Protein chains: 2
Amino acid sequence: METEGTVETEGTVETADPYGDTDPFQWDTREDCQVRQILDRVADKWSLLVIALLDRRCLRFTELRREIDGISQRMLTVTLRQLERDGLVKRTVHPVVPPRVEYELTPLGGTLHHTIRTLVTWTEEHQNEIAAARSAYDARVAAEESAGA
Amino acid sequence: METEGTVETEGTVETADPYGDTDPFQWDTREDCQVRQILDRVADKWSLLVIALLDRRCLRFTELRREIDGISQRMLTVTLRQLERDGLVKRTVHPVVPPRVEYELTPLGGTLHHTIRTLVTWTEEHQNEIAAARSAYDARVAAEESAGA
DNA sequence: CTGGATCCGACATGATACTG
DNA sequence: CAGTATCATGTCGGATCCAG
């Protein structure tokens, strides 16, 4: 349904290094690159939030749903499945009458959280600069518009 | 979504921090948060690539287009506009007959590149683990499927 | 409670044609 | 060369119903 149905595991086939991707800067220009795929997953809006929350403690489905403002049931399910598939989140089902499913970060997921934190911190530290830049840009555009019109 | 309305508690209106978002972990549960917006922008597929490329040197529109495999002219334009608006990229137009427009990272953009690099490095270092996890997951699902069917 | 499955609309993105 | 404008479309994401 959500694409991704096939895994293919390309990467291992030819095109071993036609572009010379050992160059530390040339890592990502090709869209079929593994790194690109993972990056898209990892940088995903909801993934980021889920990982951030799970770092604190093990959480149940409904708890996550409640904590993440704006996420739908569907997206939470999908996101958790992806993270589980990528080995970032561990899913534990307790076979009791009222189903109880708990999610927690795997060690791998833990290392990712640390990295994500860096990005978040950067954003927090520079959000004012960005907001200012946006205002300036918008003002400039508006000025040009009224002048041109 | 706009849960603001429920916070009210007029009188002692401490709307400054109704959720206690000084908690370093509570940064992102609300979708209207500035950080969330910026994060979505910054973690964007194409933004990541553009920033990575511009860190190396100043580039022209067509050069970027050529270097980024799979990007359409439209998306490159849109991405560059966003980055410019956010003050991450500087756009310089040389008023000559064959239009020459050059893009380069601003100092702010430079700091972001550094941060992004961390994320990319993490991905590169763990892509094998993730690939393995995916294979294991898919195999497990396939097994369950054939068993259940 | 925890999802799986489906339908459907909104929006992002791609392709194409046109302009300065 | 460096876009803008327009149209077509595919995917994402939300709402809903249903099952274990």
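The shown structure was predicted, so the numbers you read here are calculated from the model rather than taken from an experiment. The chains referred to below are lettered A, B, ... by the order of the sequence lines, with proteins before strands, and numbering in each begins at 1.
At whole-Å resolution of the value, CE in A/M75 and C1' in C/dA5 are 13 Å apart. Computed from coordinates, the A/Q82 CD to C/dG4 P distance equals 12 Å when rounded to whole Å. In this structure, the CD atom of A/E63 is 12 Å from the C1' atom of C/dC1, given to the nearest Å. A straight line from CG of A/D40 to C1' of D/dC12 spans 14 Å, rounded to a whole angstrom. Between the CG atom of B/L76 and the P atom of D/dT4 there is a distance of 11 Å, rounded to whole Å. Between B/R100 atom CZ and C/dG20 atom C1' the separation is 18 Å, expressed in whole Å. Distance B/L80 CG to D/dG3 P: 8 Å, rounded to the nearest Å. Atom pair A/D69:CG and D/dG13:C1' shows a separation of 16 Å (rounding to whole Å applied).
In summary, A/R65 and A/E63 do not engage in a salt bridge, as defined by a charged side-chain N under 4.0 Å from a carboxylate O. Residues B/E84 and A/R140 are paired through a salt bridge, judged by an N-O separation under 4.0 Å between the basic side chain and the carboxylate. A/E67 and A/R57 are joined by a salt bridge, as a carboxylate oxygen and a charged side-chain nitrogen come within less than 4.0 angstrom of each other.
Residue B/Y103 places at least one side-chain N or O closer than 4.0 Å to OP1 or OP2 of D/dG3. Between A/R81 and C/dG4 there is a side-chain polar atom (N or O) within less than 4.0 angstrom of OP1 or OP2. One finds no side-chain N or O of A/S72 lying less than 4.0 angstrom from the OP1 or OP2 phosphate oxygen of D/dA15.
In this structure, the nucleotide among C/dT13, D/dC1, C/dC1 sitting nearest to the side chain of B/R60 is D/dC1. Here the nucleotide nearest the side chain of B/R74, chosen from D/dC1, C/dG3, C/dA15, is C/dA15. The nucleotide whose nearest atom lies closest to any side-chain atom of A/W46 is, among C/dG3, C/dT13, D/dG14, D/dG14.
A donor-acceptor pair under 3.5 Å links the side-chain atoms of B/D44 to the main chain of B/W46, judged by distance alone. At least one donor-acceptor pair closer than 3.5 Å links the side chain of A/S47 to the backbone N or O of A/R41.
A/R91 comes within 4.0 angstrom of sugar-phosphate atoms only, judged by non-hydrogen atoms across all strands, and of no base.
Taking only distance into account, the side chain of A/Q73 never meets the base of D/dG14 through a donor-acceptor pair shorter than 3.5 Å.
Each of A/P98 and A/T77 lies near DNA chain C, and the nucleotide nearest A/P98 is the one positioned closer to the 5' end.
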